[in-house]
Amino acid sequence: MRKVRVRFAPSPTGPLHMGGVRTALYNYLFAKKHGGDFLLRIEDTDQTRYVPGAEEYIIEALKWCGIEPNEGVGYGGDCAPYRQSERKPMYKPYAEQLVEKGWAYYAFDTSEDLDNIRKQAELAKMPNWQYNSISRMTMKNSLTMPVDEVQAKIAAGDPYVIRFKMPRNEEVRFQDLIRGWVVFSTNELDDKVLYKSDGMPTYHLANVVDDMTMNISHVIRGEEWLPSAPLHVMLYKAFEWEAPAFAHLPLILKPDGNGKLSKRDGDRLGFPVFPLEWKDPETGAISSGYREKGYFPKAFINMLLLLGWAPGNNQEIFTEQEMIDAFTIERIGKSGSKFDPDKTRWFNQQYLRNTPLPELAQALIPLMQEKGWVKEPSYVEGVCKLMMERAVFVADMLEGHYLFQAPVEYDKDAVAKKWKPGESGALMMEWKSVLETVEDFSHDGIDAAFKGFLQTKSLGMGAVMPLFRLMLTGTLTGPSSMDVAALIGKEEVMKRIDQGVKTLG
RNA sequence: GGCCCGUUCGUCUAGGGGUUAGGACAGCAGAUUUUCAUUCUGUAAACAGGGGUUCGAUUCCCCUACGGGCUACCA
């Protein structure tokens with residue numbers, strides 16, 4: 001068995017969307033599991049679709065996700081270059097080799113010619129005209145023209161393409177690692193262009209030549225490639241090369257309705273479809289990203305792992321090593337998966353809770369600074385401890401604004417419902433004088449004092465607690481008042497009671 | 001239209017000739033909590049349909065329906 005070498009081969013036509021990230025992830029895990037290589041190849045053979053910044057985006061996105069190639073564009077390696085535009089000179093000899101062997105031919109029909117034929121065919125109710133084993137004999141190519149005329153045209157610099165000569169009445173079959181045997185008849189396949197008139201190979205030629213010269217052992221790619229897989233299999237046969245194993249991944253579908261997840265669904269339904277935020281260089285339109293929305297890359301990846309793959313037991317949270325150990329291509333599902341934004345949030349929540357306090361604090365501090373809040377790291381850890389149970393994102397912990405500053409306003413509804421002017425203020429001042437004497441200003445210490453206060457006053461919790469909370473936070477929600485008081489400290493508590501009573505009367 | 005791929009709770013899925021068809025998210029209902037959140041408990045919810053094969057099909061085969069992908073000198 002040959003060494004496992006897999007590749008992720010996107011085209012730089014825009015930002016990488018989460019389906020692409022999942023494909024990269026599965027390739028990465030497969031490589032790691034088998035001690036193989038994971039390479040990044042950029043398929044930029046269509047100059048008209050090139051989008052500036054897309055390549056950098058792809059590299060940065062993979063880096064953020066923690067699924068880095070060990071070879072490829074941005075990483076170097078023995079098979080460099082890994083950008084197809086830079087490999088341009090090497091494809092033509094391969095195409096010509098196929099012509100010599102009789103597996104391909106020159107064609108001089110222009111795009112306009114073909115457009116016209118297709119239009120006419122459509123008018124004649126033949127909606128699917130193809131350049132294939134039958135129609136090619138009526139076209140302008142090296143199969144129908146005299147040899148000297150063909151050579152003259154080429155010598156004169158006339159534009160031409162090289163097409164694959166798909167044989168007739170043959171069966172192409174290959175075993176897909178996910179779907180099992182897949183069979184096509186060559187009669188359904190057309191004579192695909194391998195080499196374009198602009199001197200660039202098409203995807204099909206470049207892909208096969210590169211996979212061969214880069215020693216790729218397994219091609220793991222999206223299902224949209226399944227229909228062209230037989231052509232690729234035929235190309236390997238024509239070159240007399242050993243074909244890699246194929247695995248065609250099911251698609252990621254939009255959460256509502258049908259169809260594959262597209263760029264627009266994100267904006268429409270309010271969740272990102274891209275790992276990183278992307279600004280369209282043409283329109284300036286911004287598409288949101290998981291990173292900017294505050295997702296942990298590990299949570300994002302964990303969600304993607306389970307979208308189309310299952311371990312067979314009930315495990316849902318995976319460390320990277322666990323993913324690598326558990327992953328097998330055989331356990332990838334066959335059908336498309338609808339993306340679920342809610343579950344994605346759940347994964348983030350799980351990861352947030354499993355993040356150690358110091359790390360959480362480090363993540364929160366920059367967000368606090370944006371609000372102008374500055375606290376000691378140890379204090380911020382205390383904030384995180386109180387807030388993490390009610391947060392999905394790190395930024396959610398900012399909702400505990402009262403842990404950073406005294407309340408600037410008091411919730412109107414809460415005041416109307418709980419605060420009795422005069423009476424409530426007097427009660428709070430009394431409670432304050434008790435608090436002043438508390439030596440152990442911890443949750444338990446304050447709690448003990450509070451219980452004692454209730455007893456001497458013969459009051460229930462509901463009569464005092466909401467008022468105290470209102471003094472401390474300005475709201476009626478949040479972590480335990482005792483915890484809040486302990487964290488902000490005695491002096492601050494005293495000040496807030498004074499301020500609250502003064503404000504509310 | 002043609003070709004190819006697919007179809008288990010609303011969603012992601014486990015399972016696989018004989019099961020109370022399991023889990024998770026979301027939902028609903030309770031309990032705990034001074035509140036919100038958490039947590040816990042419970043609850044509802046699925047084998048697309050029709051034919052076979054079989055003692056027995058959700059599981060194997062065929063057909064239909066539905067969904068998806070592809071059908072460019074795009075990838």
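All figures in this text were calculated on a predicted structure; none of them were measured in a lab. Proteins get letters first, then strands, A, B, ... in listed order; numbering begins at 1 in each.
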Q) Just by protein heavy atoms under 4.0 Å, how would nucleotides 5-14 of chain B read 5' to 3' in B, S and -? A) SSS---SSSS
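- Taking a pair to require two hydrogen-bonding distances under 3.5 Å in either a Watson-Crick or a G-U wobble arrangement, B:A37 remains unpaired.
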Q: Starting at the 5' end of nucleotides 28-45 of chain B, put B wherever the base has a protein heavy atom under 4.0 Å, S where only the sugar-phosphate does, and a dash everywhere else.
A: ------BBBBSS------
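- Spacing between B:C70 and B:U54 at atom C1', rounded to whole Å, works out to 39 Å.
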Q: Show your reasoning for whether ring pair (Phe, Tyr, Trp, His ring centres under 6.0 Å) applies to A:Y94 and A:Y195.
A: CA-CA 10 Å; A:Y94 283 109; A:Y195 188 81; over 10 Å; no
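- One atom, CZ of A:R173, and another, P of B:C4, lie 13 Å apart when rounded to the nearest Å.
- With B:C70, B:C73, B:C74 as the choices, the nucleotide that has an atom nearest any side-chain atom of A:E224 turns out to be B:C70.
- Rounded to whole Å, the separation between the P atoms of B:C61 and B:G6 comes to 11 Å.
- For B:C73, its base sits under 3.5 Å from the side chain of A:S197 at one donor and acceptor pair at least.
- Summarising the base pairing, B:C28 is matched to B:G42 through a Watson-Crick or G-U wobble pair whose two defining distances lie under 3.5 Å.
- Between the C1' atoms of B:A31 and B:G49, the separation comes to 44 Å (whole Å).
- Here A:T45 reaches the OP1 or OP2 of B:A75: one of its side-chain N or O atoms lies under 4.0 Å away.
- Between A:Q84 and A:N207, the closest heavy-atom pair is NE2-N, 4.0 Å.
- Within the structure, salt bridge (Lys or Arg N to Asp or Glu O under 4.0 Å) pairs that include any residue of residues 116-128 of chain A do not occur (at least two apart or interchain).
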Under 3.5 Å, side-chain donor or acceptor atoms of residues 157-167 of chain A against the rest of the protein: list the pairs with distances, not counting sequence neighbours.
unit_1: A:D158; atom_1: OD2; unit_2: A:K153; atom_2: NZ; d: 3.3
unit_1: A:Y160; atom_1: OH; unit_2: A:K92; atom_2: NZ; d: 3.4
unit_1: A:R163; atom_1: NH1; unit_2: A:D191; atom_2: O; d: 2.7

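- Of the possible polar contacts, none joining the A:D44 side chain to the A:R83 backbone as a donor-acceptor pair under 3.5 Å is found.
- For the P atoms, the distance from B:U20 to B:G52 is 27 Å, rounded to whole Å.
- Nucleotides B:A21 and B:A37 are separated by 34 Å at their C1' atoms, to the nearest Å.
- Identified under the side chain to side chain donor-acceptor pair (under 3.5 Å) test for residues 298-317 of chain A, with sequence neighbours left out: A:N302-A:Y351, A:Q315-A:E322, A:E316-A:K343.
- A 3.5 Å limit on both hydrogen-bonding distances identifies B:U71 as the Watson-Crick or G-U partner of B:G1.
- Pair assignment for B:U7: B:A65, on the basis of Watson-Crick or G-U wobble contacts that are both within less than 3.5 Å.
- Between A:W129 and A:Y131, the ring-plane angle classifies as perpendicular under the 30° and 60° cut-offs.
- Taking every side-chain heavy atom of A:P227 into account, B:G69 is the closest of B:A24, B:A75, B:G69.
- If you take atom C1' in B:G69 and the same atom in B:G27, they sit 33 Å apart, rounded to whole Å.
- To the nearest whole angstrom, the two C1' atoms, one in B:C40 and one in B:U33, are 12 Å apart.
- In this structure, the CD atom of A:E171 is 14 Å from the C1' atom of B:C4, given to the nearest Å.
- Partners of A:N132 under the side-chain hydrogen bond (donor to acceptor under 3.5 Å, both in side chains) rule, at least two apart in sequence or in another chain, are A:S135.
- A gap of 12 Å separates the C1' atoms of B:G10 and B:A44, to the nearest Å.
- As a whole-Å value, the separation of A:N348 CG from B:C25 C1' is 14 Å.
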